[in-house]
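Okay, so here's the structure we're looking at.
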Amino acid sequence: LLFGGCNEKEAPQKLRVGVTYYDQNDTYLNELIGLFKESLKEIESDKLEVSVTIRDAAGVQKNQNDQVEELIDEGCNILCVNLVDRADPSEIIDLARESEVPIIFFNREPVAEDLRQWEKLYYVGADAKQSGKLQGELAVEMIEENPQIDKNKDGKIQYVVLEGEMGHQDAIIRTENAVNTLKENGIEVEKLSCKIANWNRAQAQNRMEQIIGEYQNKIELVLGNNDDMALGAVDAYKKLNYTSAALPAFMGIDGTEAGLQGVENQELWGTVYNDKEGQAKAMAELAAALFTREGMEDIHFQNEKYVYLPYYKVTAENVSKFTQGNLVSE
Ligand code: BGC
Ligand code: CA
């Protein structure tokens with residue numbers, strides 16, 4: 001009370017965030033991390049200073065383990081980890097626990113058992129099942145409204161899948177849920193081919209060229225586990241000079257910049273928005289709450305450790321809402 005009038009300013013606390021992600025060539029992650037940096041700026045105040053260091057693990061788990069050690073040595077007090085191998089977080093968890101540095105895993109979900117290894121482990125991401133289901137629903141709507149998609153008029157939709165990395169929570173689950181949703185809605189489907197293209201546009205183009213070589217005009221629908229792979233499939237047809245009437249319908253997931261543009265240009269029939277703004281904001285808020293020990297009660301956890309942001313369907317009709325980045329306010 002005596003000193004109450006002095007009004008001396010307290011020095012701000014310094015939140016130092018260390019980020020490591022599996023591969024700097026990943027389109028979606030680069031966009032997500034860019035937004036995360038913005039969200040961290042937004043939580044700065046006269047009480048809280050924030051700095052961030054970002055490392056690329058270049059697809060090697062061992063690199064990432066070393067990076068985590070370095071980030072801790074450099075004084076990071078919160079870690080955000082996008083695992084290379086989502087089944088292998090133990091070394092990272094041990095390092096963090098020894099130094100009492102909480103970890104927010106993101107986008108590549110560790111198995112539940114690993115997240116239980118220590119109480120200061122969290123996950124921010126989205127529900128793979130929902131994205132597959134929404135992609136399936138978009139495909140159903142599109143097929144019902146556009147009977148010409150069944151090019152050979154045999155009453156079945158001949159489809160191809162371009163799948164993400166093996167072992168990634170978003171790969172097989174997206175495929176299964178998209179295809180099951182088609183079937184549950186009474187669409188008869190016939191699988192021509194399913195190839196892994198590791199989320200990558202160039203690989204997807206290459207796989208698609210092989211598939212076209214085998215099936216030519218029989219392909220009616222291409223389901224990409226993400227936008228980059230759906231766009232890679234479009235690239236393959238462009239390279240082979242197909243006319244637009246001869247093209248199958250392409251569907252993506254993510255709503256990356258290129259993906260949304262693909263929907264705008266009507267190269268993609270639809271995509272499913274993987275809410276990177278929402279995830280970035282949730283990560284920033286959680287980082288601040290863990291560090292300052294204030295505001296944890298405002299975070300919407302599932303099972304105490306998980307924050308899942310919902311997906312949204314994107315078509316030519318509503319794409320402008322997403323390109324203007326104002327979906328979060330809805
Ligand atoms: C995204 C992909 C991305 C992958 C990386 C997925 O959730 O849909 O575009 O490549 O995460 O882990
Ligand atoms: Ca057909």
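Atoms within a ligand are numbered from 1 in the order they appear, just like the ligands themselves.
- Other members of the hydrophobic cluster containing Trp118, listed by chain and number, are Val68, Leu71, Ile72, Leu79, Val81, Leu83, Ile92, Ile93, Leu95, Val101, Ile103, Phe105, Leu115, Leu121, Tyr123, Tyr306, Tyr308; membership follows side-chain contacts under 4.5 Å among ILVMFWY residues, whether direct or relayed.
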Does Val160 form a side chain to side chain contact (heavy atoms under 4.5 Å, CB included) with Leu221? I'd like the steps, not just the answer.
CA-CA 6 Å; Val160 161; Leu221 171 66; over 6 Å; no
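- Contacts between Glu165 and ligand 1, counted as non-hydrogen atom pairs separated by less than 4.0 Å, are absent for every part of the residue.
- Ligand-side atoms of ligand 1 in range of Arg108: 5 (C), 12 (O), range being under 4.0 angstrom from any heavy atom.
- Looking only at distances, no side-chain donor or acceptor of Glu285 sits under 3.5 Å from a matching main-chain atom of Ala280.
- Listed by first and then second residue, the side-chain hydrogen bond (donor to acceptor under 3.5 Å, both in side chains) pairs that reach into residues 61-73 are Thr20-Gln64, Thr20-Gln67, Arg55-Glu70, Gln61-Gln64, Gln61-Asn65, Lys62-Asp66, Asn65-Glu91, sequence neighbours excluded.
- Within ligand 1, the atoms closer than 4.0 Å to a non-hydrogen atom of Tyr28 are 9 (O), numbered from 1 in the order shown.
- Here the side chain of Asn146 pairs no donor or acceptor atom with the backbone of Ile149 at under 3.5 angstrom.
- Of all atoms in ligand 1, listed by their number and element, those nearer than 4.0 Å to a heavy atom of His168 are 4 (C), 5 (C), 11 (O), 12 (O).
- Under a 4.0 Å heavy-atom criterion, Arg174 is in contact with ligand 1.
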Could you please spell out the steps behind the side chain to side chain contact (heavy atoms under 4.5 Å, CB included) verdict for Glu220 and Tyr159?
CA-CA 6 Å; Glu220 296 173 340; Tyr159 74 96; over 6 Å; no
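- Taking all heavy atoms of Asn274, Asn198, Asn107 into account, the minimum distance to atom 5 (C) of ligand 1 is reached by Asn107.
- The side-chain hydrogen bond (donor to acceptor under 3.5 Å, both in side chains) pairs that include a residue from residues 241-262 are Asp254-Asn274, where partners are two or more places apart or lie in different chains.
- Nearest-heavy-atom check against atom 9 (O) of ligand 1 across Leu83, Ile253, Asn225, Asp254 picks out Asp254.
- When Asp170, Asp26, Thr256 are ranked by how near their heavy atoms come to atom 6 (C) of ligand 1, first place goes to Asp170.
- Between Phe106 and Tyr122, the distance from one ring center to the other does not fall under 6.0 angstrom.
- Counting only protein N, O or S atoms, 7 lie closer than 3.0 Å to the Ca ion (ligand 2).
- Between Tyr273 and Phe322, the ring planes are tilted. Angles from 30° to 60° get that label.
- Between the side chain of Glu49 and the backbone N or O of Pro12 there is no donor-acceptor pair closer than 3.5 Å.
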